[in-house]
Amino acid sequence: MKKHNFYAGPSILSQYTIKNTADAVLNFADTGLSILEVSHRSKEFQAVIDEANALVKELLEIPAGYEVLFLGGGASLQFAMVPFNFLKTKAAYIDTGVWANKAIKEAKLFGDVEVVASSKEANYTFIPKDYVIPADADYFHYTTNNTIYGTETRKDPDSPVPLVADMSSDIFSRPVDVSKYDCIYAGAQKNLAPAGVTIVIVKEDALGKVDRPIPTMLNYQTHTSKGSMFNTPPVLPIFSALQTLRYYKQLGGVKELEKMDIEKANVLYDAIDSSKMFVGTAAAEDRSIMNVCFVMKPEYAELEKAFVEFATSQGMVGIKGHRSVGGFRASLYNALPLDSVKALVACMKEFEAKH
Ligand SMILES: *Cc1c(COP(=O)(O)O)cnc(C)c1O
């Protein structure tokens, strides 16, 4: 049976990425060797990381003065690297969910943290709008897409101080004005590659401004000065990332991806909004086009398990909601075809008709 992959992360990758990665596991760039066993210093791999770097810059129209890094440690390591490298006295954060909270917790190890707003009381069902970013903060950190709650900020905020963003779950789903940011980071396993690599975009001028000693591996300058090759980078995920980036370029870049993503999300949100049985959990104006969270209306609550079982029997994978929200979550990352969304909607309609 055809499987429809709605996992939140690691998550669906394009067939182009998977096929080319599988081929390279057997014979990488006609070396007669597997990508799993070649030196990261080989000219063939250098070509991979160089092209990946150039494509990230091209797709996101990154201006001069920024470096693109491919690092290990996941987005979670960036929660600490960001304040380690950028927090002099005070940083501003907005609390929009579990990931934002983890970033806040790490920043507090390095200085004052002003949490400008939080939607915790509402279980993060919306993104606060009425807040002031203090002009004396070193940076303002926010999470563009709250993977667990299905809320998203799709515009680069206006800010009196440089922005830092966790774009783990929506990078490459829209154009970004990178010039507003000192740093953007994204774990690859949501919209780009298998787990193991994190993309970091840093403004070179913003580095080297803190007085504290920084351990070598946690210092962005270590990596900017060596083109992400200070030590062995995650070779295989970077190879896969390159395949996805090529695929994104073939599709027409982030503007085209955004159109496709919005179309897919609309199909599912329309089905939820017109349903007698299902209801969305996120505030309409903050709904994510990447992660769609919904639950059973109270009068159908006892059918939740039955729906997951029915959907699973129809080939839907990974639609169970995160434990802190409950219900269902369908992740509609770039690689997910519109047909999968239509299949999920058909499944919802069939289940509704039966009950
Ligand atoms: C998944 C996720 C993370 C954590 O990523 P790791 O690579 O597992 O550390 C951080 N932030 C957001 C928004 C995420 O979706």
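We use all heavy atoms of the structure for the numbers below, so side chains are in, but hydrogens, waters and symmetry mates are not. Counting convention: from 1, in listed order, for ligands and their atoms alike. Everything numeric here is computed off the predicted structure, so don't read it as measured data. Numbers for residues simply follow the sequence, beginning at 1.
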Using atom types as modelled, flag every donor-acceptor pair under 3.5 Å from a side chain in residues 320-328 to any protein atom, sequence neighbours excluded.
{"residue": "H322", "atom": "ND1", "partner": "S324", "partner atom": "N", "Å": "3.1"}
{"residue": "H322", "atom": "ND1", "partner": "S324", "partner atom": "OG", "Å": "2.8"}

What protein heavy atom sits nearest [atom], and how far away is it?
atom                    : result
atom 9 (O) of ligand 1  : S76 OG, 2.6 Å
atom 5 (O) of ligand 1  : A75 CB, 3.5 Å
atom 11 (N) of ligand 1 : D166 OD2, 2.6 Å
atom 15 (O) of ligand 1 : T147 OG1, 2.4 Å
atom 8 (O) of ligand 1  : Q189 NE2, 3.3 Å
atom 2 (C) of ligand 1  : K190 NZ, 2.6 Å

* Is the CD atom of E302 crowded by more than 12 outside heavy atoms at less than 6.0 Å? ->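 Counting neighbours around CD of E302, more than 12 heavy atoms of other residues, nucleotides or ligands fall under 6.0 Å, so yes.
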
Heavy atoms only, cut-off 4.0 Å: how does [X] contact ligand 1, side chain, backbone, both, or neither?
X    : answer
T143 : side chain
Y185 : neither
S168 : side chain

[X]/[Y] ion pair, N-O < 4.0 Å:
X    : Y    : value
D136 : K90  : yes
K259 : E263 : no
K297 : E299 : no
E258 : K255 : no

* Ignoring hydrogens and geometry, is there a side-chain-to-backbone donor-acceptor pair from K226 to N231 under 3.5 Å? ->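 Not confirmed, K226 side chain does not pair with N231 backbone.
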
Under 4.0 Å from a heavy atom of [X]: give me the atoms of ligand 1 that qualify, with their elements.
X    : value
N145 : 13 (C)
F79  : 10 (C)
G74  : 7 (O), 9 (O)

* To do: Taking the six-membered ring for Trp and the full ring for Phe, Tyr or His, determine whether the centres of Y131 and F140 are under 6.0 Å apart.
  =>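 Yes - the distance between ring centres of Y131 and F140 falls below the 6.0 Å cut-off.
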
